[in-house]
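Letters A, B, ... mirror the listed sequences (proteins, then strands); counts begin at 1.
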There are 4 protein chains.
Amino acid sequence: MTSPASGRPLRADALRNRAKVLAAAEEVFAVQGTSASTEEVARKAGVGIGTVFRHFPTKESLLEAVLVALLERLAGEAEELRSAADPGEAFFGFFSRVVSRAATKQAVTEALAEAGVDARAATGRAGPGLRAALGALLERAQEAGAVRADVGAAEVMALLAGMSYAAGRAGAREDVLRIAFDGLRPCPDRAAARG
Amino acid sequence: MTSPASGRPLRADALRNRAKVLAAAEEVFAVQGTSASTEEVARKAGVGIGTVFRHFPTKESLLEAVLVALLERLAGEAEELRSAADPGEAFFGFFSRVVSRAATKQAVTEALAEAGVDARAATGRAGPGLRAALGALLERAQEAGAVRADVGAAEVMALLAGMSYAAGRAGAREDVLRIAFDGLRPCPDRAAARG
Amino acid sequence: MTSPASGRPLRADALRNRAKVLAAAEEVFAVQGTSASTEEVARKAGVGIGTVFRHFPTKESLLEAVLVALLERLAGEAEELRSAADPGEAFFGFFSRVVSRAATKQAVTEALAEAGVDARAATGRAGPGLRAALGALLERAQEAGAVRADVGAAEVMALLAGMSYAAGRAGAREDVLRIAFDGLRPCPDRAAARG
Amino acid sequence: MTSPASGRPLRADALRNRAKVLAAAEEVFAVQGTSASTEEVARKAGVGIGTVFRHFPTKESLLEAVLVALLERLAGEAEELRSAADPGEAFFGFFSRVVSRAATKQAVTEALAEAGVDARAATGRAGPGLRAALGALLERAQEAGAVRADVGAAEVMALLAGMSYAAGRAGAREDVLRIAFDGLRPCPDRAAARG
DNA sequence: CATGAATGAGTGTTCATTCAT
DNA sequence: TATGAATGAACACTCATTCAT
């Protein structure tokens with residue numbers, strides 16, 4: 001995701017500018033929400049507004065790029081945990097970390113939500129990356145008996161999005177997460193409890 | 001919540017218009033999100049823009065009124081279930097119904113999120129109503145052994161907001177809800193599972 | 001100026017309302033300027049906005065009525081001074097009093113300005129009243145030798161408007177008035193001074 | 001006063017537009033009063049409404065800029081008269097010229113009034129410029145014996161504002177000015193006249 | 001390529017005026 | 001007659017997007 005739609009590679013300084021804009025956008029959207037103005041992003045990035053629009057022809061596309069970058073970063077982190085010693089800890093730890101990050105960055109929640117839906121083309125492209133990496137973490141945790149066997153990656157993604165939202169908006173991070181985690185763990189006499 | 005801040009009760013026709021505006025706003029915000037324009041609301045309500053602003057002097061106040069109405073309606077429904085035959089079914093059924101409604105109405109999610117935080121004055125007034133009604137449902141379900149004893153109303157509200165968000169954005173309603181519900185149920189050997 | 005344009009006389013309560021509105025308008029316009037809203041006037045008068053518009057069909061006409069009332073009151077005061085013992089003191093005292101009143105009530109200045117120009121029909125009707133009364137004061141003062149003989153009522157009205165404006169906006173009441181008054185007094189060797 | 005608050009100098013075309021807007025605003029405000037709409041100014045200037053707001057972020061700031069420009073121009077003209085041959089003629093001539101200009105441009109009167117009061121920050125900055133220049137003219141005229149010695153620049157400014165108002169609104173330019181000028185001239189037997 | 005001035009549709013809000021109650 | 005709800009044109013201001021420099 002570091003080259004433009006047209007085939008030609010970017011000049012070094014153009015690439016640097018693109019990165020500056022992306023970083024600025026991420027921070028601005030995190031702090032002020034996605035309704036922050038493009039000018040604000042340009043200001044923070046230290047470039048002209050024209051430069052922002054050269055790299056991202058619409059505000060929509062800039063937002064998308066931010067979300068994609070976030071998803072890719074998350075996917076990368078999940079990837080690294082693939083060979084962790086304790087699969088259960090790897091899975092739940094990753095989940096927790098994502099949620100706590102979302103608590104301060106709205107955009108993370110939005111990214112997760114869209115990744116699950118494939119609503120936008122670009123996030124749709126990045127979503128599967130995270131889903132696959134998360135799926136791998138999930139499988140290993142299930143094999144180790146730390147997570148119940150009857151849930152799939154899609155549900156976990158949705159749950160992740162939901163908990164991220166709750167963490168950012170409705171307070172009560174730890175306690176709510178505990179409920180979700182308990183719901184993800186195996187529980188032999190569950191059938192009985194369900195009545 | 002059907003009379004204006006000023007005190008004096010509204011004339012019959014004014015009340016009717018107020019209701020029309022509120023209903024239109026609820027639908028418009030549900031479909032287009034809360035950034036929909038006030039003009040759109042007026043159009044949908046079939047009244048002039050001035051009428052909307054007469055009843056709700058700022059867009060903010062209109063949004064608040066919508067959220068409050070939603071919360072009050074939910075609280076009312078919870079209230080009615082207070083004496084249901086099966087406390088577990090009452091609690092989980094209510095939870096499900098709220099979530100499925102949120103799937104089509106973004107505003108419900110937002111209302112729940114704000115109700116948990118007391119961010120805005122008005123929703124702060126309505127939030128406790130829902131929280132109390134939900135708390136009553138929760139207690140009865142806990143007494144009946146359908147819900148684990150160590151969760152409080154606050155966590156359940158947050159969970160409700162999170163699941164509503166997930167339902168509306170990230171798809172996968174039923175399956176995700178199943179996980180949350182299992183997390184809310186008692187499970188004797190949980191300690192063991194947590195390792 | 002206490003009956004409507006149509007011939008029929010007003011009912012007692014209607015007349016009372018008209019007076020209340022006029023008094024409220026005078027105060028509101030004095031404090032907030034003539035751009036204050038008609039609603040504000042209605043509120044201050046303790047009547048509905050419809051009542052204001054029944055008595056004064058446009059905001060313009062309400063403003064006019066206020067100005068006319070002010071002019072009439074000033075004319076009345078001038079009238080009373082007609083037989084004062086010291087004609088010079090009567091003239092200059094009246095002038096001073098008008099100016100100091102204008103310092104706190106913008107509307108007075110506006111009334112004076114319009115009275116001089118006959119711009120609006122209604123004030124045009126009231127203007128001559130003041131001009132005549134002021135003219136009488138002026139003549140007596142001239143006869144007594146307190147005011148130079150070569151100025152007319154029109155110039156004095158204009159000077160009055162100007163000094164009222166200066167008093168309300170540009171501070172320095174007394175000192176500026178002193179200059180104007182000296183300009184109005186006879187001065188035998190004026191021709192010499194003018195070079 | 002030809003560069004924006006931000007510091008960096010404007011591009012040539014931007015400067016041209018800024019000037020066009022300022023000129024248009026001056027004319028529009030002169031003709032329609034300061035309550036004329038910003039759109040009207042844009043239309044007259046032949047630019048988009050956004051351009052007006054880019055140069056003057058609020059209507060208030062646009063109005064201020066107009067007043068400041070007027071004051072600076074007047075100050076400049078006064079400056080040029082500093083070394084005129086006849087100090088009395090310089091002083092009274094300048095006074096007359098200002099007043100006759102105000103007769104057609106309301107904004108001039110407003111600028112003078114505000115310059116005397118230092119109400120707004122920006123006019124406060126330009127006001128002293130005019131006051132100083134006018135003060136110099138005044139002093140020289142006093143030294144030449146053309147103006148009485150016991151008046152200061154502040155009173156003259158206030159008188160100027162008042163006469164400008166009278167000229168614009170209440171008609172009777174020349175005659176009224178004659179009175180004011182006579183009040184400003186020395187008159188040995190004034191004490192007697194005041195009796 | 002980078003810049004930032006120009007654009008104008010769109011937004012929330014106000015207010016004089018009308019008219020049903 | 002009095003009321004105040006309804007109306008909609010008008011306003012100040014914002015912002016994504018374009019394009020001349």
Side-chain angles (χ1 to χ4, degrees), chain A residues 10-11 13-14 17 35-43 46-62, chain B residues 4 6 8 10-18 21 35-42 45-62, chain C residues 10-11 13-14 17 21 35-43 46-62, chain D residues 4 6 8 10-18 21 35-42 46-62:
Chain A
L10 286 174
R11 267 169 30 185
D13 59 341
N17 267 343
S35 66
S37 80
T38 317
E39 286 256 12
E40 189 67 33
V41 172
R43 198 151 34 231
V47 303
I49 218 213
T51 302
V52 175
F53 276 89
R54 162 165 293 273
H55 288 292
F56 308 96
T58 63
K59 189 190 177 180
E60 178 77 10
S61 71
L62 172 59
Chain B
S6 76
R8 206 183 300 258
L10 283 176
R11 265 163 31 184
D13 59 340
L15 235 158
R16 214 165 21 239
N17 265 340
R18 202 191 123 96
V21 168
S35 67
S37 82
T38 316
E39 286 249 16
E40 189 66 34
V41 171
V47 302
I49 185 71
T51 301
V52 175
F53 276 93
R54 159 168 282 268
H55 288 291
F56 307 96
T58 62
K59 188 192 176 180
E60 177 77 9
S61 72
L62 172 58
Chain C
L10 285 174
R11 269 168 28 186
D13 59 340
N17 268 342
V21 168
S35 67
S37 79
T38 317
E39 286 257 11
E40 190 66 33
V41 172
R43 199 153 33 231
V47 303
I49 216 212
T51 302
V52 175
F53 275 89
R54 163 165 292 274
H55 289 292
F56 308 95
T58 63
K59 189 192 176 180
E60 178 75 10
S61 72
L62 171 58
Chain D
S6 76
R8 206 184 300 259
L10 283 176
R11 266 163 30 185
D13 58 341
L15 235 157
R16 215 167 17 240
N17 265 340
R18 202 192 124 96
V21 168
S35 66
S37 81
T38 316
E39 286 249 15
E40 190 66 33
V41 172
V47 302
I49 183 72
T51 300
V52 176
F53 277 93
R54 160 168 282 268
H55 288 291
F56 307 95
T58 62
K59 188 192 175 179
E60 177 76 10
S61 72
L62 172 58

Practice item. Using whole Å, report how far CD1 of B:I49 lies from C1' of E:dC15. Key: 14 Å
Practice item. Could you tell me whether the phosphate oxygens of E:dA2, OP1 or OP2, come under 4.0 Å of any side-chain nitrogen or oxygen in A:N17? Key: yes
Review point. To the nearest angstrom, how far is D:L62 atom CG from F:dC11 atom P?
Key: 15 Å
Review point. Which residue, D:D13 or A:S37, contacts DNA chain F at a nucleotide closer to its 5' end, judged by nearest heavy atom?
Key: A:S37
Check your understanding: Under 4.0 angstrom, heavy atoms only, what part of the nucleic acid is C:T51 near: base, sugar-phosphate, or nothing?
Key -> base
**Study point:** Value in whole Å for how far the P atom of F:dA6 lies from NE2 of B:H55
**Key:** 4 Å
Study note, to complete from the structure: Closest non-hydrogen contact found for B:V21 with B:A45 is CA-CB, 3.9 Å
Check your understanding: Given F:dA6, is OP1 or OP2 found less than 4.0 Å from the side-chain N or O atoms of B:R54?
Key -> no
Revision key, fill the gap. Between CZ of B:R16 and P of F:dG4 the distance, given in whole Å, is 18 Å
Check your understanding: Judged by atom type as modelled, is there a donor-acceptor pair below 3.5 Å linking the side chain of D:K59 to the main-chain atoms of D:A36?
Key -> yes
Point to revise | Earlier contact from the 5' end, DNA chain E, for D:G48 and B:P57 | key: D:G48
Check your understanding: Side-chain N or O of C:T38 less than 4.0 angstrom from OP1 or OP2 on E:dA16?
Key -> yes
Practice item. Check the distance between E:dG8's C1' and D:F53's CZ and give it to me in whole angstrom. Key: 13 Å
Review point. Nearest-Å distance, CZ (D:F56) to C1' (E:dA5)?
Key: 14 Å
Check your understanding: Should stems be defined as at least three consecutive Watson-Crick or G-U pairs with both distances under 3.5 angstrom, which of them involve DNA chain F?
Key -> E:2-21 with F:2-21
Check your understanding: How close or far is atom P of E:dT3 from atom CD of A:E39, stated in whole angstroms?
Key -> 13 Å
Practice item. Could you check which of F:dA12, F:dT17, E:dA16 has an atom nearest any side-chain atom of D:K59? Key: F:dA12
Practice item. State the CZ-CD1 distance between A:R54 and A:I49, to the nearest 0.5 angstrom. Key: 14.0 Å
Check your understanding: F:dA16 P sits how many Å from A:E40 CD, rounded?
Key -> 11 Å
Check your understanding: Which heavy-atom pair separates D:T58 from D:F53 by the least distance, and what is that distance?
Key -> CA-CE2, 4.3 Å
Exercise for review: Find which nucleotide of DNA chain F each of D:A36 and B:G46 is nearest to by heavy atoms, and output the residue with the more 5' nucleotide.
Suggested key: B:G46
Exercise for review: Please determine, for the side chain of B:T58, which listed nucleotide (E:dT13, F:dC11, F:dT21) has the closest atom?
Suggested key: E:dT13
